[in-house]
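Read the structure below first, then the notes.
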Amino acid sequence: MSNMVWKRNEVESPCIQICVVHPTERICTGCYRTIDEISRWSKMDSSERADIMADLQSRKPLLAKRRGGRAGRLNKA
C-alpha cells in the first residue's frame, strides 16, 4: 500500500534543469513555462498541468536566438 504514494497518476514537470528566463518573453528557455507556472506547479491540479504541457511546444518559436552578442549589437549602430 505504501508504494501507491510513489505511483500517483500526476503530470510530471517539464523541467530539464536549464533554468534561464528569456529577458523579453519572460519564459524559461529550458521548459518554456512562465515564472508563475513554475512557482505554482506543485499546487496545480492535473488538468491545469496537462493544459500547460499541451501549450509548451507552441512557445518555443518565441525564443529566437540572438546572434553576434555584444559585437553584433555594436555593429548595428
Side-chain angles (χ1 to χ4, degrees):
M1 189 68 141
S2 65
N3 287 338
M4 294 304 292
V5 172
W6 304 112
K7 296 181 182 189
R8 293 184 295 192
N9 189 16
E10 291 185 3
V11 176
E12 294 291 327
S13 170
C15 181
I16 59 169
Q17 298 179 348
I18 300 176
C19 304
V20 177
V21 177
H22 190 276
T24 55
E25 297 300 329
R26 307 299 298 156
I27 60 176
C28 177
T29 60
C31 68
Y32 309 120
R33 292 179 294 170
T34 66
I35 297 300
D36 180 56
E37 290 166 346
I38 293 168
S39 64
R40 292 186 313 106
W41 192 260
S42 63
K43 295 174 180 75
M44 292 179 187
D45 62 28
S46 293
S47 65
E48 188 175 5
R49 288 181 185 181
D51 289 344
I52 291 168
M53 292 290 285
D55 190 44
L56 294 179
Q57 285 305 309
S58 69
R59 300 175 186 183
K60 188 175 183 177
L62 298 174
L63 304 182
K65 291 186 178 183
R66 291 175 34 189
R67 304 274 187 226
R70 182 175 185 268
R73 290 190 305 276
L74 292 175
N75 288 336
K76 288 182 180 180

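From Lys43, atom NZ reaches atom CZ of Arg49 across 10.5 Å, with rounding to the nearest 0.5 Å. Atom OG of Ser42 and atom CE of Met44 lie 9.0 Å apart (nearest 0.5 Å). With values rounded to the nearest 0.5 angstrom, Cys31 atom SG is found 4.5 Å from Ile38 atom CD1. Rounded to the nearest 0.5 angstrom, Arg26 CZ and Thr34 OG1 are separated by 10.0 Å.
Side chains of His22 and Leu62 form no contact here, defined as non-hydrogen atoms less than 4.5 Å apart. Counting heavy atoms from C-beta on, the side chains of Ile27 and Glu37 never come closer than 4.5 Å.
Although no hydrogens or angles enter the test, the distance criterion places no donor-acceptor pair under 3.5 Å between the side chain of Arg33 and the main chain of Cys28.
Taking every heavy atom of both residues into account, Trp41 and Pro14 meet most closely at CZ2-CD, 3.7 Å. Here the closest non-hydrogen pair linking Ser58 and Pro61 is O-CD, 3.4 Å.
Under a hydrophobic clustering in which Ile, Leu, Val, Met, Phe, Trp and Tyr are joined whenever their side-chain heavy atoms come within less than 4.5 Å, directly or via other members, Met53 and Leu63 fall into the same cluster.
Side-chain contact annotation: Ser47 with Asp45, donor-acceptor N/O pair under 3.5 Å present.
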